[in-house]
Asker: 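Here it is, the structure, as C-alpha cells.
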Amino acid sequence: MPNFWLMKSEPDVFSISDLERDRVTGWESVRNYLARNYMRDQMRDGDLALFYHSNAEPSGVAGVARVTGSPVPDPTQFDGKSPYFDPKSTRAAPRWQMVNVEFVERFPAVVPLARLRRERSLAKLGVLQKGQRLSVMPVTAKHFDIVVRLGRSLTGRSS
DNA sequence: GCCAACGTTGGC
DNA sequence: GCCAACGTTGGC
C-alpha cells in the first residue's frame, strides 16, 4: 500500500502540463524542514501524490503524480546562481533532499479549492486547514480517492 | 495588493 | 532559550 501525498507547485513555475511533457522531474526547491522530512523520511517509490496548483486561477488539484526512486540531494542548494542556493549546505552533508516524481494523470480540469471545501468528506484534508501552507503534506488514502474521483468526474478543458 | 498565519533569524 | 522583528506563503 503506497502512502499518499499532496504536493504544491505554482503552475507559472511548473504545472501538471509541464510534468506531462517532461514525464519525470526532481521536486526541487523545497526549503521547509517538515516538507523536506516528509520527502526524505517517509516517501517511498510508488507513493502517489495529488499535484496541487497554488497561486493559480483557480488554485486546486490538477492531477496525480507518482514518487519514483529514492530521495536525492536537491541540486539547487549547490548552485550559487539559484535563488535556492544554500551556502551552509555541503555535498558531504546536504541539507535539502528531494524526490523525483513522474506524471500519472491530468484531470480534465483543476478541482478548485472552493470545490474541495464544499465536500463534507474532505473537511479534514490538510490543504483545507486554516493557516497550513506546507508544500508537501500527507493525505489519507480515503481523501486521495475522493479527490481523484472528483477530478476524473470533471468535464471541460483548462488546467 | 492585502493580510493572516506561520517559519526563521538573531540580539540578548 | 526567549521572543520580537522580519520574511514567506498563498488565498482572496
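Predicted, not measured: the structure shown is a model, and the values here were computed from it. Values below: all heavy atoms of this structure, side chains included; hydrogens, waters and symmetry mates excluded. Every chain is numbered from 1 and lettered A, B, ... according to where its sequence line falls, protein lines coming before strand lines.
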Asker: What is the distance, rounded to the nearest whole Å, between atom CZ of A:R36 and atom P of B:dT8?
Answerer: 10 Å

Asker: With side-chain contact (heavy atoms from CB on, under 4.5 Å) as the test, pick out the partner of A:V30 among A:R40, A:M98, A:M39.
Answerer: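 Of the listed options, the one satisfying the test is A:M39.
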
Asker: Below 4.0 angstrom, N of the basic side chain to O of the carboxylate: do A:R36 and A:D74 qualify?
Answerer: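 No, this pair does not count.
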
Asker: A:E10 CD to C:dT9 P: how many Å, rounded?
Answerer: 8 Å

Asker: Between P on C:dC12 and CG on A:L116, what's the gap in Å once rounded to a whole number?
Answerer: 11 Å

Asker: Ignoring backbone atoms, establish whether A:Y33 has a side-chain N or O less than 4.0 Å from OP1 or OP2 of B:dC6.
Answerer: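 So the side chain of A:Y33 is outside the cut-off, no N or O lying under 4.0 Å from OP1 or OP2 of B:dC6.
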
Asker: To the nearest Å, how far apart are A:N37 CG and B:dG7 C1'?
Answerer: 14 Å

Asker: Is the side chain of A:Q77 donor-acceptor paired with the backbone N or O of A:W96 at a distance under 3.5 Å, no angle test?
Answerer: yes

Asker: Tell me the interatomic distance from A:L34, atom CG, to B:dG7, atom P, rounded to whole angstroms.
Answerer: 8 Å

Asker: Just how far, in rounded Å, is P of B:dA4 from NZ of A:K130?
Answerer: 9 Å

Asker: Just how far, in rounded Å, is P of C:dG10 from CG of A:L134?
Answerer: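 Answer to the nearest Å: 9 Å.
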
Asker: Are the side chains of A:Q42 and A:P138 in contact, using a 4.5 Å heavy-atom criterion?
Answerer: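 No, too far: nothing below the 4.5 Å cut-off.
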
Asker: Using atom CG of A:N32 as one end and atom C1' of B:dT8 as the other, report the distance to the nearest whole Å.
Answerer: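 From A:N32 CG to B:dT8 C1': 11 Å.
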
Asker: Any base atoms under 4.0 Å from A:R117, or only sugar-phosphate, or nothing? Heavy atoms, all strands.
Answerer: sugar-phosphate

